[in-house]
Structure formats: structure tokens, C-alpha cells
Visitor: 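Mind having a look at this structure? Questions to follow.
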Amino acid sequence: YSFTTEFSNPSLEYAGNGEAIMVWEDPRNDNIDIYAQKIQYSDGVLETVWTSAEEGGIALCDDGEDQTGPKVTTVNDTYTAVVWEDKRDNWNPDIYGQLIEYQEDGSFSVVYEDDGRVIASDSQQQINPRVKASNDGIFVVWEDYRLYNQPDIYIQKIDESGTDLWGENGIAVYQDTIGPTVQSDIRLTIDGQGGVYVIWEDKRDDLLKDIYVQHIASDGSLSFESTGLALATEDGVQDAAIVRPDGNGGAFAVWSDKRS
């Protein structure tokens with residue numbers, strides 16, 4: 001792109017048929033919006049699909065307030081889900097999302113209302129959303145400040161029609177009811193059976209980070225204790241965790257470890 005404004009926070013995902021979709025923060029309209037572009041590679045050339053590179057993509061959400069932190073994931077070869085932080089209703093950000101449907105002519109349409117639909121809008125801030133999806137549903141997880149001035153973890157499961165399957169404003173993956181501690185840097189992966197694994201960094205025991213995980217079944221029930229399953233609580237910092245499915249309903253987890 002050749003604009004003088006600065007683009008940031010890109011998120012890239014497979015879009016089916018050998019193509020990819022990219023979303024990013026875009027300040028070209030004097031506030032931060034979410035833009036998208038479909039990309040294909042043909043005969044040794046990387047090409048844009050929805051607009052020319054000079055036009056700079058298509059606005060996925062250009063509401064008058066700031067939208068930041070977009071994340072994109074594939075549902076299947078027809079649908080892609082995008083989530084982001086959104087300040088349209090108050091200065092405390094909420095979580096919004098959009099479902100993109102690919103058309104046979106290479107264009108796309110949006111399934112939810114223009115500028116996206118709200119996923120979580122409790123009175124305090126909801127930030128740092130992550131999203132994974134399959135034909136079983138769209139899973140959105142985020143850091144949530146509704147209880148204290150430190151984040152807990154909440155999640156929502158959404159079907160393709162936009163129906164929230166796990167209640168209004170989601171359900172708690174982990175909520176510290178004793179006192180404010182920090183749960184952050186959340187990652188997730190689907191289990192292939194309608195549920196999801198969520199992994200995060202946790203400071204509940206000391207100022208150093210540990211790694212915890214929770215599995216949420218397809219009906220929204222927690223598979224482990226409500227406090228989560230401790231994966232790594234050794235001395236020193238454990239961080240930068242990621243989780244991936246094992247293909248049999250379980251998951252693999254890896255993290256950085258400074259115990260020695």
C-alpha cells in the first residue's frame with residue numbers, strides 16, 4: 001500500500017482454495033478501523049482480490065470510534081470469522097465480530113449487521129480477543145474486567161446465524177472470586193468435538209507467571225476444576241504458551257520456561 005498512514009496489527013489466515021485473508025488496524029479515516037483483503041498467489045505473483053493494492057482493501061468495520069486488535073480465523077472454505085476490540089459505545093472497549101461469507105465470483109458478503117455484532121459488552125472493559133472456529137461453532141475468548149480491576153477469562157460460542165450459545169456476554173473460563181489477580185495472554189484451540197481448550201498465563205500464586213489450561217465441552221461445561229488445570233507452576237517464569245489439537249479430542253501445549 002502507498003498510503004501515508006500507518007497500518008498495524010495484521011492477522012492472516014487461510015481462506016480456502018489456496019487463498020488467504022488478512023485483516024488489520026487502519027487509521028485512514030482519522031480513527032482506527034478494521035480493514036480486510038483477500039490474497040492469492042498465481043503464476044509466481046502475489047495478488048490482491050477484493051481491491052487493488054493501491055486502494056488498500058475493504059472496510060470491515062469503519063464505525064466512528066476506534067476498533068483495534070483484529071483476529072481472523074477460518075470456519076470452513078465458505079466462512080471466515082473476525083473479532084476485535086470496539087469503543088463505539090463507551091471508552092471501555094467491548095468485543096465485536098463479523099462473519100464473512102465468500103461468494104463464487106470472488107467477492108464476499110457479511111452475515112451479521114454492518115460494522116459487526118457485539119459479542120461481549122459488560123460494564124467494564126473486555127480486551128484482547130482471540131478466535132478459533134470450525135463447523136461446530138465460532139469460539140471467542142477474551143480478557144474481562146467485569147469483576148475486578150484485573151482481568152479474568154471469558155468465552156463465547158456462536159453459531160453461523162450469530163446466535164450466542166453460551167449465554168449473554170459469555171461464560172467464565174476462569175474468574176478469581178477471592179481477589180484480583182492477572183490472567184492474560186490467552187490462546188485457544190478447538191477439540192474437534194464441539195468444545196475448546198483455553199490456555200493462559202496466570203499470576204494467582206505469586207508475581208511470576210504460571211501456565212494454566214481449561215477445557216470447555218460442547219455444552220459449555222468445564223472439564224477441569226473451575227480454577228483450571230495447572231500445567232506449569234515451577235519457580236521462575238512460564239509464559240508464551242500455545243495449545244493445538246491432537247486430533248483425538250485432546251491437545252498439546254507448549255510454553256517458554258525459565259525455571260533454570
Visitor: Any chance CD of E168 has more than 12 other-residue heavy atoms, nucleotides or ligands included, within less than 6.0 Å?
Guide: no
Visitor: Below 4.0 angstrom, N of the basic side chain to O of the carboxylate: do K209 and E201 qualify?
Guide: yes
Visitor: Would you check, one step at a time, whether the test side chain to side chain contact (heavy atoms under 4.5 Å, CB included) holds for I138 with V131?
Guide: CA-CA 7 Å; I138 300 164; V131 60; 3.7 Å; yes
Visitor: Would L208 and Q238 count as a side chain to side chain contact (heavy atoms under 4.5 Å, CB included) if you check the C-alpha gap in whole Å, the side-chain angles of each, and the deciding distance to 0.1 Å?
Guide: CA-CA 8 Å; L208 301 178; Q238 289 84 44; over 6 Å; no
Visitor: I'd like to know if V75 and V111 are part of one continuous hydrophobic network [Ile/Leu/Val/Met/Phe/Trp/Tyr, side-chain heavy atoms within less than 4.5 Å].
Guide: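 The answer is yes; both residues are in one hydrophobic cluster.
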Visitor: Which class fits the ring pair W142 and Y154: parallel under 30°, tilted 30 to 60°, perpendicular over 60°?
Guide: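 Because their plane-to-plane angle is under 30°, the rings of W142 and Y154 count as parallel.
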Visitor: If only atom types and distance count, is the side chain of Q175 paired as donor or acceptor with the main-chain N or O of A172 below 3.5 Å?
Guide: no
Visitor: Between Q37 and W50, is there a donor-acceptor pair closer than 3.5 Å when you use the side chain of the first and the backbone of the second?
Guide: yes
Visitor: Check whether T51 reaches the backbone of I58 with its side chain - one donor and one acceptor, N or O, closer than 3.5 Å.
Guide: no
Visitor: Using a strict cut-off of less than 4.0 Å between a Lys/Arg side-chain nitrogen and an Asp/Glu carboxylate oxygen, indicate whether D239 and K258 qualify as a salt bridge.
Guide: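 Answer for the salt bridge query: yes.
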Visitor: Would you say the side chain of I242 lies within less than 4.5 Å of the side chain of I199, judging by non-hydrogen atoms?
Guide: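 I199 does not reach I242 side chain to side chain.
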Visitor: Would the distance check show the side chain of Q98 and the main-chain N or O of C61 forming a donor-acceptor pair, the cut-off being under 3.5 Å?
Guide: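 Answer holds: no.
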Visitor: T163: what forms a side-chain contact (heavy atoms from CB on, under 4.5 Å) with it, not counting sequence neighbours?
Guide: D159, S161, L165
Visitor: Would you check if there is a donor-acceptor pair between the side chains of D66 and T68 at a distance under 3.5 Å?
Guide: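 No, no side-chain donor-acceptor contact under 3.5 Å.
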Visitor: Mark yes when over 12 heavy atoms from residues, nucleotides or ligands other than D235 sit less than 6.0 Å from its CG; otherwise mark no.
Guide: no
Visitor: Is there a path of hydrophobic side-chain contacts, each under 4.5 Å between heavy atoms of I/L/V/M/F/W/Y residues, joining I186 to L229?
Guide: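 No.
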Visitor: Hey, is the main chain of V72 close enough, under 3.5 Å, to the side chain of S11 for a donor-acceptor pair?
Guide: yes
Visitor: Are any non-hydrogen side-chain atoms of I100 and L60 less than 4.5 angstrom apart?
Guide: yes
Visitor: Which heavy-atom pair separates Q214 from V173 by the least distance, and what is that distance?
Guide: CB-CG1, 3.7 Å
Visitor: State whether the side chain of E101 and the backbone N or O of L99 hold a donor-acceptor pair below 3.5 Å, judged by distance alone.
Guide: no
Visitor: What heavy-atom pair brings D122 and N169 nearest, and what distance separates the two atoms?
Guide: N-OD1, 3.9 Å
Visitor: Taking the six-membered ring where the residue is Trp, are the ring centres of F139 and W166 under 6.0 Å apart?
Guide: yes
Visitor: If you compare all heavy atoms of K157 against all heavy atoms of G194, which two are closest, and at what distance to 0.1 Å?
Guide: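 Scanning both residues, the minimum pair turns out to be NZ-O, 2.9 Å.
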Visitor: Are M22 and I39 side-chain neighbours, meaning at least one heavy-atom pair lies under 4.5 Å?
Guide: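 M22 reaches I39 side chain to side chain.
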Visitor: Find out whether V140 and I155 are in side-chain contact, i.e. whether some heavy atom of one side chain is under 4.5 Å from a heavy atom of the other.
Guide: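 Contact flag for V140/I155 side chains = no.
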Visitor: Could you check whether R28 makes a cation-pi contact with F7, meaning its NZ or CZ is under 6.0 Å from the centre of the six-membered ring and within 45° of the ring axis?
Guide: no
Visitor: In the structure I gave you, are the side-chain heavy atoms of R88 and D115 within less than 4.5 Å of one another anywhere?
Guide: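 A side-chain contact exists here, since the closest heavy-atom pair is under 4.5 Å.
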Visitor: Can I get a per-line list of side-chain donor-acceptor pairs under 3.5 Å for residues 78-85, giving both atom names and the distance, sequence neighbours left out?
Guide:
| residue | atom | partner | partner atom | Å |
| --- | --- | --- | --- | --- |
| T80 | OG1 | Y102 | OH | 2.6 |
| W84 | NE1 | D86 | OD2 | 2.9 |
| E85 | OE2 | N128 | N | 2.8 |

Visitor: For K38, check side-chain hydrogen bond (donor to acceptor under 3.5 Å, both in side chains) against everything at least two apart and list the hits.
Guide: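 Applying side-chain hydrogen bond (donor to acceptor under 3.5 Å, both in side chains) to K38 gives E19.
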Visitor: Any side-chain heavy atom of S218 sitting closer than 4.5 Å to one from D136?
Guide: no
Visitor: Check side-chain hydrogen bond (donor to acceptor under 3.5 Å, both in side chains) between S223 and all other residues, then give those that pass, not counting sequence neighbours.
Guide: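 H215.
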Visitor: My understanding is that only residues two or more places apart in sequence, or in another chain, count here; which of them pass side-chain hydrogen bond (donor to acceptor under 3.5 Å, both in side chains) with R244?
Guide: none
Visitor: Quick check: closest heavy atoms across D77 and G16, and the distance to 0.1 Å?
Guide: OD1-CA, 3.5 Å
Visitor: Atom OG1 of T233 and atom CZ of R204: how far apart are they, to the nearest 0.5 Å?
Guide: 10.0 Å
Visitor: Quick check on the hydrophobic clustering: are L231 and V196 connected, directly or via other members, by side-chain heavy-atom contacts under 4.5 Å?
Guide: no
Visitor: Looking at S121 and V118, what are the two nearest heavy atoms and their distance?
Guide: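 Residues S121 and V118, closest heavy atoms: CB-CG2, 3.6 Å.
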Visitor: Determine whether D26 and I32 satisfy the following criterion, side chain to side chain contact (heavy atoms under 4.5 Å, CB included), listing intermediate values before the conclusion.
Guide: CA-CA 5 Å; D26 196 305; I32 303 174; over 6 Å; no
Visitor: Are the side chain of D191 and the backbone of P245 linked by a donor-acceptor contact shorter than 3.5 Å?
Guide: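 No, D191 side chain to P245 backbone: no donor-acceptor pair under 3.5 Å.
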Visitor: What residues, two or more places apart in sequence or in another chain, satisfy side-chain contact (heavy atoms from CB on, under 4.5 Å) together with S8?
Guide: E25
Visitor: Look at the side chain of Q126 and the backbone N and O of R146, then say whether any donor-acceptor pair between them is shorter than 3.5 Å.
Guide: no
Visitor: First locate atom CD of Q183, then atom CG of D210, and finally report the distance between them rounded to the nearest 0.5 Å.
Guide: 11.0 Å
Visitor: Between Y212 and W200, how do the two ring planes meet: parallel, tilted or perpendicular, split at 30° and 60°?
Guide: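 Answer is parallel, since the angle falls under 30°.
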Visitor: Determine whether more than 12 heavy atoms belonging to other residues, nucleotides or ligands lie under 6.0 Å from atom CG of D43.
Guide: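 Check fails, neighbour count at 12 or below.
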Visitor: How long is the span from the CG atom in L147 to the CG atom in D152, to the nearest 0.5 Å?
Guide: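 L147 atom CG to D152 atom CG measures 6.0 Å (nearest 0.5 Å).
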Visitor: Would a 4.5 Å heavy-atom cut-off, applied to side chains only, mark I211 and D202 as touching?
Guide: no
Visitor: Taking all non-hydrogen atoms of both residues, which atom of Y35 and which atom of G56 are closest, and how far apart?
Guide: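 Where Y35 meets G56 most closely, the heavy atoms are CD2-O, 3.8 Å.
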Visitor: Roughly how far, to the nearest 0.5 Å, is OG of S184 from CD of E143?
Guide: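 So the CD of E143 and the OG of S184 are separated by 5.5 Å.
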Visitor: Distance-only, no hydrogens or angles: does the D105 side chain make a donor-acceptor pair with backbone N or O of S107 under 3.5 Å?
Guide: yes
Visitor: Do Y96 and D89 get their side chains close enough for a donor-acceptor pair, meaning under 3.5 Å?
Guide: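 A pair is found: one side chain offers a donor N or O, the other an acceptor, under 3.5 Å apart.
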Visitor: Nearest 0.5 Å, what's the CD-CG distance between E65 and D94?
Guide: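 If I round to the nearest 0.5 Å, the distance is 12.0 Å.
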Visitor: Hey, could you give me the CD1/CG distance between I216 and L188, rounded to the nearest 0.5 Å?
Guide: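 Output value for this atom pair is 8.5 Å.
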Visitor: Testing the 3.5 Å rule here: is there a donor-acceptor pair between the side chains of N76 and N135?
Guide: yes
Visitor: Are more than 12 heavy atoms, taken from residues, nucleotides or ligands other than Q103, located less than 6.0 Å from that residue's CD atom?
Guide: yes
Visitor: Take L12 and W24, measure what side chain to side chain contact (heavy atoms under 4.5 Å, CB included) needs, and give me the verdict at the end.
Guide: CA-CA 9 Å; L12 183 72; W24 65 90; over 6 Å; no
Visitor: State whether a side-chain donor-acceptor pair under 3.5 Å links D33 with N31.
Guide: yes
Visitor: Below 4.5 Å, heavy atoms only, C-beta onward: do S42 and E47 meet side chain to side chain?
Guide: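 Yes, their side chains come closer than 4.5 Å.
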